[in-house]
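Down below is the structure, laid out as structure tokens.
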Amino acid sequence: MESRNMTEKEFEEFQKLLERELGEVDSEKEKEEQEITEMLRHEGRAHEAARNTGKSVGELNAGRTAAVNSADRAQKNAEVQAMLRAERESAKAPSQPAMPHGKYEKVTEEPSANEAPKAEELIRKPGKYEKRTGEEEGYFNPELPKESAAERRRRARRNARITRLVIGFAAVFVLSLSVGLIVNSVKSKNNEPVSDQPVMQTDADGNVIQEPEDAEPVCNIINITPMDTSVTVLSGDAVPLQISMTTSGIADQNDITWTSSDPSVAEVTDDGTVMGISAGKCSITIAAKADPEISAQVSCTVRKIEEKDGATYIDGILIINKTFGVDADYAPGDLTEETRAAFDELCSAAAADGLNIYLASGYRSYDLQNTIFNNYTNLYGQDLAETFSARPGHSEHQSGLAIDVNTVTDAFADTPEAKWLEEHCAEYGFIIRYGADKVDITGYKYEPWHIRYVGVDIAKEITELGVSLEEYLGVDSVYADDETQEGTTEPTE
């Protein structure tokens, strides 16, 4: 049964009505008792009057009953008129002030044995409204046990946890079902038999439907993403490009095209191999055959390589590493003047910031490098020695362009000078030659103290690109007799 709270005014009117009805019941009972007593008291008088008048007792009683009924009717009419006047007066009387919020029950004294029962005791039934104290919450229901607010909150939290668990299990089930449907769909497509013959479509009569010759092919390629956004290749050399594709069906390299924006600089084959033709820059476009608008571009730089004075230069930059070396008679004798001047400016700028950067090792001759390398080989073995020391003729120190600063130990990486050097050396034309994340490319462990002069413009470009000198020039660093050589991070000198 739906229930609601009674307003204070409704409750007062309801209680007044019950009290009036109960009062009428009590008055009628008292009248009946008085009449019976009066009848018994005057019964003897009736017999005496009958003897005196010569009438029977029944005739006298009938007359008396008629008189009593007439008096009763008159009395009831008077009571009804009084009740109506009382109701009109109560309607005109000012209403009682509303009870404070939270007070639900009138406090009355316990009735004595002789008093009539109260209205609420006579009508208390399941589903009826009953005012309650502010210490309890909710509606009264005599069929349910009383429950405190704390217990209701605990029950609500428990129900909420159960609901969340049910929703979670349902979500996992739906997700698992969806994944299973997708996997089965992919498997069914992969397991479809591939036929070299085109699938013939027929109409209702079995006649083969001929497709128009100018029908557009279906494109299964959704997106093309190159693995690298730029590529550098030497003139006369070749570099393969790698891409990834998002497809809605079966697609391979036969479904894409490769195009060079300038074939005089670089050409590209059908399998994505870029051939360097001459020094310069161009772009390579990879597009879907069926929909050329689905495409991607890779910037391509072709660099010129040349030999001069027993050394290798790429776009005018001297390169000495494990792949490219110099002869024993290549001997500048000291740091180049440009390198020395740039390093002096660097040291002065660091000193202005309160730091001390100084030269620990500069130019080394072929013979000196040979002695150093052999000593490390005897101490650590050749494999480990080659991760931090170069073979003679393959050391950058022989070029007069490389410098080791301060202390040549791993502890230098944690000094303020090392952090300043990494942040500002490009401003003076230097790069950190062997970066921590370029070990596999340079062939040497991380050396924060080893800087190489390449000029301000090139140093800034290399630093902004976040590449090593090998990546910038498009070369590798592997000894000719050990093409599988890999760099490590073992302890250094």
Pair N220, T247 - check side-chain hydrogen bond (donor to acceptor under 3.5 Å, both in side chains), show working.
CA-CA 5 Å; N220 291 329; T247 67; over 6 Å; no

For a quick check under 3.5 Å, do [X] and [Y] share a side-chain donor-acceptor pair by atom type?
| X | Y | result |
| --- | --- | --- |
| Y366 | Q398 | no |
| S365 | D367 | no |
| S260 | D262 | no |
| E386 | Y444 | no |

Could you check whether any side-chain N or O of T407 sits under 3.5 Å from a backbone N or O of T409, counting only pairs where one atom can act as donor and the other as acceptor?
no

Examine distances only and state if a side-chain atom of S264 and a backbone atom of I277 form a donor-acceptor pair shorter than 3.5 Å.
no

Smallest heavy-atom separation, A311 atom then L318 atom, equals CB-CD1, 3.4 Å

Hey, can you pull the donor-acceptor pairs under 3.5 Å for the side chains in residues 342-359, sequence neighbours left out?
residue	atom	partner	partner atom	Å
S348	OG	D344	O	3.0
D353	OD2	W420	NE1	2.8

Given salt bridge (Lys or Arg N to Asp or Glu O under 4.0 Å), test E396 with R433 step by step and report yes or no.
CA-CA 10 Å; E396 274 199 332; R433 182 65 177 91; 2.6 Å; yes

Could you go step by step and tell me if Q297 and S283 meet the side-chain hydrogen bond (donor to acceptor under 3.5 Å, both in side chains) rule?
CA-CA 7 Å; Q297 287 189 338; S283 62; 4.5 Å; no

Please determine whether a side-chain nitrogen of the Lys or Arg among [X] and [Y] lies less than 4.0 Å from a carboxylate oxygen of the Asp or Glu.
| X | Y | value |
| --- | --- | --- |
| D237 | R303 | no |
| R391 | D481 | yes |
| E470 | K438 | no |

Side chain to side chain contact (heavy atoms under 4.5 Å, CB included) evaluation trace for I221 with D291:
CA-CA 8 Å; I221 300 175; D291 188 356; over 6 Å; no

Do L421 and I451 touch side chain to side chain, with heavy atoms closer than 4.5 Å?
yes

Heavy atoms, side chains only, cut-off 4.5 Å: are Y472 and I317 in contact?
yes

All ring pair (Phe, Tyr, Trp, His ring centres under 6.0 Å) counterparts of H450, not counting sequence neighbours
H397, Y434

